[in-house]
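Below, read A as the first sequence line, B as the second, and so on, with proteins coming before strands; counting in each chain starts at 1. Values below: every heavy atom of this structure, side chains too, minus hydrogens, waters and symmetry copies.
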Amino acid sequence: MTTSPASSGKLPLSTLPSASGRASLGGALRSEWTKIRSVRSTYWTLIALLVVSIGLDALISAASSSHLQSHPADKVGFDSTQVSLFAFAFLGQLILAVLGGMVITAEYSTGMIRTSLSVQPRRGTLYVAKAMVFAGVALVVSFFTSFVAFFLGQALLSSSGMNASLSGPGVLRAVVGTALVVTLVGMFAFGLGAIFRHTAATIATAIGMMFVVPIIINLLPDNWRIEVVRWLPSSALDRISATIPGANPHMFGPWGQFAVTAAWAVAALVAGIILFRKRDA
Amino acid sequence: MIEVRGLTKRYGDKVAVDGLSFGIEPGKVTGFLGPNGAGKTTTMRLILELDYPDAGSITVGGKRYRDLAYPMREVGALLDAKSVHGGRSAYNHLLCLAQTNNLPKRRVAEVLELVGMSAVARKRSKGFSLGMSQRLGIAATLLGDPKVVMFDEPVNGLDPEGILWIRNLMKTLAAEGRTVFVSSHLMSEMENTADHLIVVGRGKLIADCTMAEFIARSSGAAVKVRTPAPDALVLAIAAKGGQASADADGTLVVRGLATDQVGDIAFEQGIRVHELTMVRASLEEAFMELTGDSVEYRAGIPAASVPVGPGTSGSGV
């Protein structure tokens, strides 16, 4: 350790350049980028996302390919695009929800939030910067994963002759749309994180909304179920990753379901910022 | 520099800060004293707008905290050394703070060097000892070259070397013309560092004065007398307007009279005196006396049997 700072009578620090303007979104964005890239949990979560999504999707595609070769009758109604994106849509959203929630709840569990707010007391600025940086990371990783899972899956399905191409009807929309909806689910969890400020509660609620509620809704009588299911945040992935016409007739169109999930994410983000600004930290 | 007016904060039914008003002047070490639970940390959280007051206002350099253009250039605060993401390295922790206020990157290396942590800059902070965490927290407060530094119980849990280091740092910061606002529940800590004192108990202001005034304001000097005839001396002193009380071992403590007067009284009455000493009230005693009624949790043991002194550090008064 160092010697006493008093020995020189003056702290050995250089003079800061004089300041103009004020601490605002630009600095907050740079800070949040430093934060997200400087903890290991970010890398572990994103590696898990890549391995689980791409790995499982490759396995599913390879298994489907050999199944279709031995059971050609099953080729009717087979959606090779949706099959190659299945693990990314189903499990990828969950992993990204964990990261989205943790980006904000980790500030509370570690106590970092007190330091963050004392250097940037304009809470809206901090919140927006945090949400934007997470959204940017989620979007880039989701697009990468979605395209890699698609191309790898189609390569593995080619021996069955059922492989899709991006130029096929609805295929590009499915690949891009799945990436966008997975990002939205992460944003939804981010909002929940600001509401609950607690990792376990946030992840439990996100899983509940995306996995448990749809199962419960499925137990309802059909005439109720088809009315409710299109309003769930979980329905967009089924709809937007499908390229076979006529799938999910009781839902809105792909972008209609996208809008429903977007509305859930926006609602969580708005509730989050209101509480984030209002409550004691 | 910092103006606190009519500050009140409740947590549920509990009033943590109750109509508190005071000002903190620049270029001084101002000690913020009070027993544990007196509302010191709450007041500091309110200054930083981490919590919102139920009533009252606070300004820093005439502005609300959230309206400061670059908060880190105005106030550097360390409330809790563990308010850090343990998975982040010391360097990245400081970098992400510096970036919010558009401070140059080189500043991070400078403050790390200043607190002697350059060698562990790339280490994750979860492995740091309390002393190292405290240094990292202090490095963060100095990033923005702030006019005010604010520390909450900075020496709690530190070893003697760490305590000395912080004391010297506070003196240096004040000598540079910065305002230093530091809280403690230990008077002995303030005795060596603070110029000015703000004393609180149960969320209320008890004293706002210089260190010298604080000592003078309390019961002040007393005279200790040891005599084989305490009863006779107590009566003689009472007749001259002093108050004397006897200790268990027969030693008298006289207030309201000087040593010379007590000696003269004993001589006139023909009472033998074996010891006659002037006892200057220590800051610790003055503090205990002033805050005695406002200690929140009093132990169920008589005060006399509790050793008072540096050994009780951190026992929570």
Side-chain angles (χ1 to χ4, degrees), chain A residues 1-42 44 106-126 129 277-281, chain B residues 11 45 48-52 65-66 68-73 75 77 79-80 82-89 92-93 95-104 106-107 110-111 113-117 124 131-132 135 137 140 142-145 161-162 164-165 167-169 171-173 175-176:
Chain A
M1 290 292 175
T2 188
T3 50
S4 124
S7 51
S8 62
K10 193 109 175 119
L11 295 179
L13 293 173
S14 62
T15 314
L16 283 177
S18 62
S20 59
R22 71 205 305 249
S24 55
L25 191 62
L29 285 170
R30 284 191 292 279
S31 169
E32 290 303 324
W33 172 243
T34 300
K35 281 185 188 173
I36 204 166
R37 67 170 178 74
S38 63
V39 290
R40 289 185 192 176
S41 55
T42 304
W44 287 123
E107 290 253 350
Y108 287 93
S109 61
T110 59
M112 180 68 188
I113 190 69
R114 296 191 287 274
T115 308
S116 298
L117 286 176
S118 59
V119 299
Q120 177 47 282
R122 293 181 275 277
R123 296 186 180 189
T125 303
L126 177 62
R277 293 185 60 167
K278 201 175 92 174
R279 287 191 295 211
D280 288 348
Chain B
Y11 295 107
R45 289 176 60 90
L48 298 172
E49 292 186 347
L50 294 175
D51 290 356
Y52 299 123
Y65 191 74
R66 80 192 72 162
L68 296 172
Y70 289 104
M72 294 176 82
R73 287 175 181 257
V75 181
L79 298 198
D80 176 2
K82 293 290 182 187
S83 294
V84 164
H85 191 308
R88 199 167 281 132
S89 71
N92 281 324
H93 172 67
L95 177 63
C96 79
L97 299 180
Q99 285 171 326
T100 61
N101 279 237
N102 304 342
L103 298 168
R106 62 172 164 79
R107 191 75 180 173
E110 283 181 24
V111 295
E113 180 69 36
L114 174 71
V115 300
M117 288 187 69
R124 295 191 292 162
M132 288 162 85
R135 283 168 189 255
L142 299 176
L143 276 171
D145 196 16
E161 189 209 2
L164 187 66
W165 187 83
R167 272 188 199 158
N168 287 334
L169 177 77
K171 283 180 185 163
T172 308
L173 291 170
E176 288 185 327

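E49(B) is not listed as a side-chain neighbour of L117(A), based on a closest heavy-atom distance of 4.5 Å or more. Counting only heavy atoms from C-beta outward, the side chains of R45(B) and R114(A) approach each other to under 4.5 Å. Put simply, the side chain of H93(B) reaches to within 4.5 Å of the side chain of M112(A), judged on heavy atoms. Using a 4.5 Å heavy-atom cutoff, the side chains of P121(A) and L48(B) are not in contact. Residues S38(A) and C96(B) are not in side-chain contact: their nearest non-hydrogen atoms beyond the backbone lie 4.5 Å or more apart. Between R124(B) and R40(A) the shortest side-chain heavy-atom distance falls below 4.5 Å.
Both the backbone and the side chain of R88(B) come within less than 4.5 Å of a heavy atom of chain A. Using a 4.5 Å cut-off between heavy atoms, L173(B) contacts chain A through its side chain alone, with no backbone atom that close. For chain B, no part of S109(A) is nearby; none of its heavy atoms comes within less than 4.5 Å. Residue contact with chain A, scored on non-hydrogen atoms closer than 4.5 Å, involves the side chain of R106(B) exclusively. Using a 4.5 Å cut-off between heavy atoms, T125(A) does not touch chain B at all. Only the side chain of R37(A) comes within contact range of chain B, with at least one heavy atom under 4.5 Å from a heavy atom of that chain. Using a 4.5 Å cut-off between heavy atoms, R73(B) touches chain A through its side chain atoms alone. In this structure, no portion of L79(B) lies under 4.5 Å from any heavy atom of chain A. In this structure, chain A has heavy atoms under 4.5 Å from both the backbone and the side chain of V111(B).
Here the straight-line distance linking atom CZ of R279(A) with atom OH of Y52(B) works out to 11.0 Å at 0.5 Å rounding. Expressed to the nearest 0.5 Å, how far CG of L126(A) lies from OG1 of T100(B) amounts to 9.0 Å.
Chain A forms the most heavy-atom pairs under 4.5 Å with one residue out of R167(B), H85(B), M72(B), and that residue is H85(B). The greatest number of non-hydrogen atom pairs below 4.5 Å with chain B, out of R123(A), E107(A), Q120(A), is found for R123(A). Taking chain B as the reference chain and counting heavy-atom pairs below 4.5 Å, the highest number among A23(A), A19(A), A106(A) is found for A23(A). Listed options S41(A), P17(A), S116(A), S24(A) were ranked by heavy-atom pairs under 4.5 angstrom with chain B; first place goes to P17(A).
Each of L143(B), L114(B), D145(B) was evaluated against L13(A); a single residue qualifies, L114(B), per the side-chain contact (heavy atoms from CB on, under 4.5 Å) test.
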Practice item. Start with the C-alpha gap between L169(B) and L11(A), add the side-chain angles, then the distance that decides, and say whether side chain to side chain contact (heavy atoms under 4.5 Å, CB included) holds. Key: CA-CA 9 Å; L169(B) 177 77; L11(A) 295 179; 4.0 Å; yes
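Among all heavy-atom pairs drawn from Y70(B) and G21(A), the shortest one is CE1-O, 3.3 Å. Considering all non-hydrogen atoms of both residues, R122(A) and P71(B) come closest at NH2-CD, 4.4 Å. Taking all atoms of both residues into account, the shortest heavy-atom contact from L16(A) to R107(B) is CD2-CD, 3.5 Å. Contact between T34(A) and N92(B) at its shortest, heavy atoms only, is CG2-O, 3.8 Å.
In this structure T110(A) satisfies the side chain to side chain donor-acceptor pair (under 3.5 Å) test with no other residue, sequence neighbours excluded.
In this structure a side-chain-to-backbone donor-acceptor pair under 3.5 Å is missing from E110(B) to P12(A).
Side-chain polar atoms of N102(B) and R22(A) form no donor-acceptor pair below 3.5 angstrom.
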